[in-house]
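When a ligand or atom number is given, it counts from 1 through the structure's own listing order. Small disclaimer: the values here were computed from a predicted structure and weren't measured.
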Amino acid sequence: MNDCLFCKIIKGEIPGSIIYRDDRIVAFNDINPQAPLHALIVPTRHIPTLNALRREDDGLVGEMVRRGAAIAAEKGYEESGYRTVFNTNPGAGQSVFHIHLHLLGGRKFTWPPG
Ligand code: 5GP
Ligand code: ZN
């Protein structure tokens, strides 16, 4: 998708603070971090929301979640804890329509979220 911000970051057309990349997944730091660690894990393929996922994407989503856990562990938050969030559609706060797993760590998180 040409006008998608995250597709542009993935392709290197817009600078991003990339922390992980393979053929299927890219992770980069959020530009407006809500915690000491705030990374976004995205598929390289454009998928607008979780509603567009198909059964054949199950492995891809699993890789996204496991990559989030690996980054959290690398940053030292494996035991203390971290939060992973997918927002879907505007009512839940989604503002970029290319699915992304938020990975937040390094502070205390409350429940329920706002
Ligand atoms: P959403 O609100 O869709 O769940 O999350 C979108 C996230 O993308 C927000 O946390 C926002 O700060 C982040 N974001 C928006 N524009 C950019 C950008 O240009 N670069 C990076 N790295 N993050 C961005
Ligand atoms: Zn995209």
- Note on the structure: The closest protein heavy-atom partner of atom 5 (O) of ligand 1 is H100 NE2, 3.0 Å
- Query: For atom 24 (C) of ligand 1, what's the nearest protein heavy atom and its distance?
  - Reply: I31 CG2, 3.4 Å
- Query: Can you name the N/O/S atom of H98 that is nearest the Zn ion (ligand 2)?
  - Reply: ND1
- Message: If I apply the N/O under 3.5 Å rule, does H38 come out as touching ligand 1?
- Response: no
- How far is atom 3 (O) of ligand 1 from its nearest protein heavy atom, and which residue and atom name does that atom have? S95 N, 2.6 Å
- Note on the structure: Between H46 atom ND1 and C4 atom SG, the angle centred on the Zn ion (ligand 2) rounds (to 10°) to 110°
- Closest heavy-atom pair, P36 versus Y77, reported as atoms and distance to 0.1 Å, is CB-OH, 4.1 Å
- Do you know which two heavy atoms are closest between I47 and A52, and how far apart they sit? CG2-CB, 4.0 Å
- Message: Quick test: of every protein heavy atom, which one is nearest to atom 16 (N) of ligand 1, and how far off is it to 0.1 Å?
- Response: L5 CD2, 3.2 Å
- Among all protein non-hydrogen atoms, which one is nearest to atom 22 (N) of ligand 1, and what is the separation to 0.1 Å? N29 O, 2.9 Å
- Identity and separation of the nearest protein heavy atom to atom 7 (C) of ligand 1: D30 OD2, 3.5 Å
N/O donor-acceptor pairs under 3.5 Å from side chains in residues 84-97, not counting sequence neighbours:
from, atom 1, to, atom 2, distance (Å)
Q94, OE1, N89, N, 2.7
Q94, NE2, P48, O, 3.0
Q94, NE2, V96, O, 3.0

- Which class fits the ring pair H38 and H102: parallel under 30°, tilted 30 to 60°, perpendicular over 60°? tilted
- Starting from atom 8 (O) of ligand 1, find the nearest protein heavy-atom neighbour and note its residue, name and distance. F6 CZ, 3.5 Å
